[in-house]
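Below is one structure, written out as structure tokens, with a few remarks after it.
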Amino acid sequence: MLALVTGASSGIGYEISKYLSQFGYDIIAVGQNIERLNFLKLECKTNVIIERVDLSNIENCINLCEKYENKDISILVNCAGIGAIGWFDQLSLNQELNLINVNIIATHILTKFFIDTMLKNNKGTILNVASSAAFAPGPLMATYYATKSYVFKLSTSISKELKKKKSKVNVSVLCPGPVKTEFNKRLNIDYSVKPTTPEYVAKYSIKKLLKGKKVIIPGFKNKLGVIASKVLPDVILEEYIYNMQSKKIK
Ligand SMILES: NC(=O)c1ccc[n+]([C@@H]2O[C@H](COP(=O)([O-])OP(=O)(O)OC[C@H]3O[C@@H](n4cnc5c(N)ncnc54)[C@H](OP(=O)(O)O)[C@@H]3O)[C@@H](O)[C@H]2O)c1
């Protein structure tokens, strides 16, 4: 059994890789930080193939897919992701394009390539990592929230198509709330609420994924937050999220 995990060098992707390894999966661990990927390799009992790839580059994504598309990957986890916080007009275009490339384009390309092989074999499962941010407007994190909304809608729509085709291939989407990883450190911001652990998110999501759950929302408070995002009008959510994010900007 073989799983390809992006974002395997840190946080949720790192813990998902470790957990899948405990289930007996060999891991193709994709990331940029070789030291962390080597550490993951030491922590796993199964075989770990390290792939140092900058997923913000389209050509790199396609090369990665071409290398592994016929390798009978049972699980693809698109977990690599980055954020950006600040006023839309003040964030640099390059930073935002980089974010869109990692969060959307890389996820889209990998999903597209691997679903093709999975459909031919009529087996396999894909876990795309979105966020509870997918359900709400995100002033001061506008681009990040929009990318997660894209990942959510793409994944649930493909999942419906697969059901209509009566395919055994599965696409699920993971929507965590705040998780204590490198994510906020990279942005130099604090959490607005107590974050959950990446270990919990990884175990919960893989258990649900293997049961075929389509939308995976870890944590009780996070589930309540998602329900609130669905029932409250956007004008209220926009104001609430603006206030929450503005407190994080130092
Ligand atoms: N933490 C949260 O509160 C939270 C909440 C909801 C959703 N999420 C989502 O969860 C996913 C994982 O994030 P995390 O919280 O685990 O954060 P993290 O610890 O910062 O991990 C992010 C991962 O993405 C990889 N990555 C970033 N840019 C990359 C690039 N250009 N090429 C290849 N890999 C790249 C990083 O690899 P390198 O370090 O090796 O570059 C790292 O492995 C993201 O999609 C994030 O949006 C996180």
Side-chain angles (χ1 to χ4, degrees), residues 4-19 27-41 50-61 63-64 77-85 94-111 127-136 138 141 143-152 154-155 173-202 204-205 216-219 221-222 225-226 229 244-245 248:
L4 189 152
V5 184
T6 73
S9 54
S10 173
I12 300 169
Y14 186 93
E15 294 302 329
I16 284 180
S17 304
K18 258 172 57 181
Y19 197 56
I27 309 290
I28 301 161
V30 182
Q32 298 181 106
N33 187 327
I34 282 288
E35 221 176 293
R36 302 280 278 276
L37 291 170
N38 277 322
F39 197 67
L40 172 71
K41 196 179 169 104
I50 292 174
E51 283 292 347
R52 185 184 199 173
V53 183
D54 176 1
L55 292 168
S56 68
N57 177 298
I58 291 181
E59 216 181 312
N60 291 348
C61 295
N63 288 341
L64 178 73
V77 182
N78 281 305
C79 191
I82 42 177
I85 188 160
N94 273 349
Q95 186 188 358
E96 297 211 296
L97 291 180
N98 196 47
L99 187 158
I100 290 168
N101 282 340
V102 177
N103 295 11
I104 291 183
I105 308 290
T107 299
H108 190 111
I109 294 173
L110 269 70
T111 302
L127 178 65
N128 286 336
V129 181
S131 164
S132 53
F135 303 98
M141 280 189 96
T143 309
Y144 175 74
Y145 274 56
T147 63
K148 292 302 172 179
S149 186
Y150 180 97
V151 172
F152 180 82
L154 180 79
S155 308
V173 61
L174 171 63
C175 304
V179 189
K180 202 167 174 7
T181 63
E182 299 294 308
F183 186 85
N184 273 13
K185 265 194 216 157
R186 292 177 205 256
L187 301 179
N188 193 24
I189 56 172
D190 293 325
Y191 292 92
S192 46
V193 293
K194 192 170 178 262
T196 184
T197 65
E199 291 86 347
Y200 167 75
V201 172
Y204 182 87
S205 54
I216 303 169
I217 304 175
K221 281 188 193 160
N222 186 34
V226 169
S229 297
M244 184 178 82
Q245 303 300 5
K248 294 182 190 169

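Just follow the structure's listing: the first ligand is 1, and inside any ligand the first atom is 1. Position 1 is the first residue of the sequence; numbering continues from there.
- The residue among R36, Q32, R186 with a heavy atom at the shortest distance from atom 39 (O) of ligand 1 is R186.
- In the candidate list V77, V30, D54, D54 is nearest to atom 31 (N) of ligand 1, counting heavy atoms.
- When all heavy atoms are compared, the tightest approach of L55 to A80 is CD1-CB, 3.7 Å.
- A side-chain contact (heavy atoms from CB on, under 4.5 Å) with I50 holds for exactly one of V30, I34, L40; it is I34.
- A 4.5 Å side-chain heavy-atom check between L154 and H108 finds at least one atom pair inside the cut-off.
- Near V129, meaning under 4.0 Å from any of its heavy atoms, are these atoms of ligand 1: 9 (C), 10 (O), 11 (C).
- Residues C175 and F135 form a side-chain contact, since some pair of their non-hydrogen atoms from C-beta on lies under 4.5 Å apart.
- K148 counts as a contact of ligand 1, since one of its heavy atoms falls under 4.0 Å from the ligand.
- Of all protein heavy atoms, the one closest to atom 44 (C) of ligand 1 is C79 O, 3.2 Å.
- Distance from atom 33 (C) of ligand 1 to its nearest protein heavy atom, with residue and atom name: V53 O, 3.1 Å.
- Ligand 1 has no N or O atom lying under 3.5 Å from any N or O atom of G31, backbone or side chain.
- Heavy-atom separations between Y14 and ligand 1 are all 4.0 Å or longer.
- If you check which protein heavy atom lies closest to atom 7 (C) of ligand 1, you get A130 O, 3.3 Å.
- Residues S10 and K185 fail the side-chain proximity criterion, which asks for heavy atoms closer than 4.5 Å.
- Here the closest heavy-atom approach between residue S205 and residue I216 is recorded as O-CD1, 3.7 Å.
- Proximity of V102 to ligand 1, defined as any heavy-atom pair under 4.0 Å, is confined to the side chain (atoms from C-beta onward).
- Atoms of ligand 1 found under 4.0 Å from any heavy atom of L55, numbered from 1 in the order shown, are 30 (C), 31 (N), 32 (N), 33 (C).
- Here the protein heavy atom with the shortest distance to atom 14 (P) of ligand 1 is T181 OG1, 3.4 Å.
- By the 4.5 Å heavy-atom criterion applied to side chains, I105 and C61 are not counted as neighbours.
- In this structure, atom 26 (N) of ligand 1 lies nearest to the protein heavy atom A80 CB, 4.0 Å.
- An N or O contact shorter than 3.5 Å is missing between Y191 and ligand 1 by distance.
- Using cut-offs of 30° and 60° on the angle between ring planes, the pair Y144 and F183 is tilted.
- Atoms of ligand 1 found under 4.0 Å from any heavy atom of G11 (numbered from 1 in listed order, with element): 16 (O), 19 (O).
- Side-chain atoms of N101 and N57, non-hydrogen and from C-beta on, never get closer than 4.5 Å to each other.
- Among all protein heavy atoms, the one lying closest to atom 22 (C) of ligand 1 is G81 O, 3.6 Å.
- Here is the list of ligand 1 atoms found below 4.0 Å of a heavy atom in P178: 3 (O).
- Inter-residue side-chain proximity for M141 and L187 is flagged as met; some heavy-atom pair is nearer than 4.5 Å.
- No more than 12 heavy atoms of other residues, nucleotides or ligands sit less than 6.0 Å from atom CZ of F39.
- Here the shortest heavy-atom distance to atom 6 (C) of ligand 1, taken over A133, P176, G7, belongs to P176.
- Side chains of I100 and T147 form a contact here, defined as non-hydrogen atoms less than 4.5 Å apart.
- Protein heavy atom at the shortest distance from atom 18 (P) of ligand 1 is S10 OG, 3.5 Å.
- Using a 4.0 Å heavy-atom cutoff, A106 is absent from the residues neighbouring ligand 1.
- In the model, T107 has no side-chain atom that pairs as donor or acceptor with a side-chain atom of N128 under 3.5 Å.
- The protein heavy-atom contact nearest to atom 27 (C) of ligand 1 is I82 CG2, 3.7 Å.
- Taking each of S9, S56, P218 in turn, the one with a heavy atom nearest to atom 40 (O) of ligand 1 proves to be S9.
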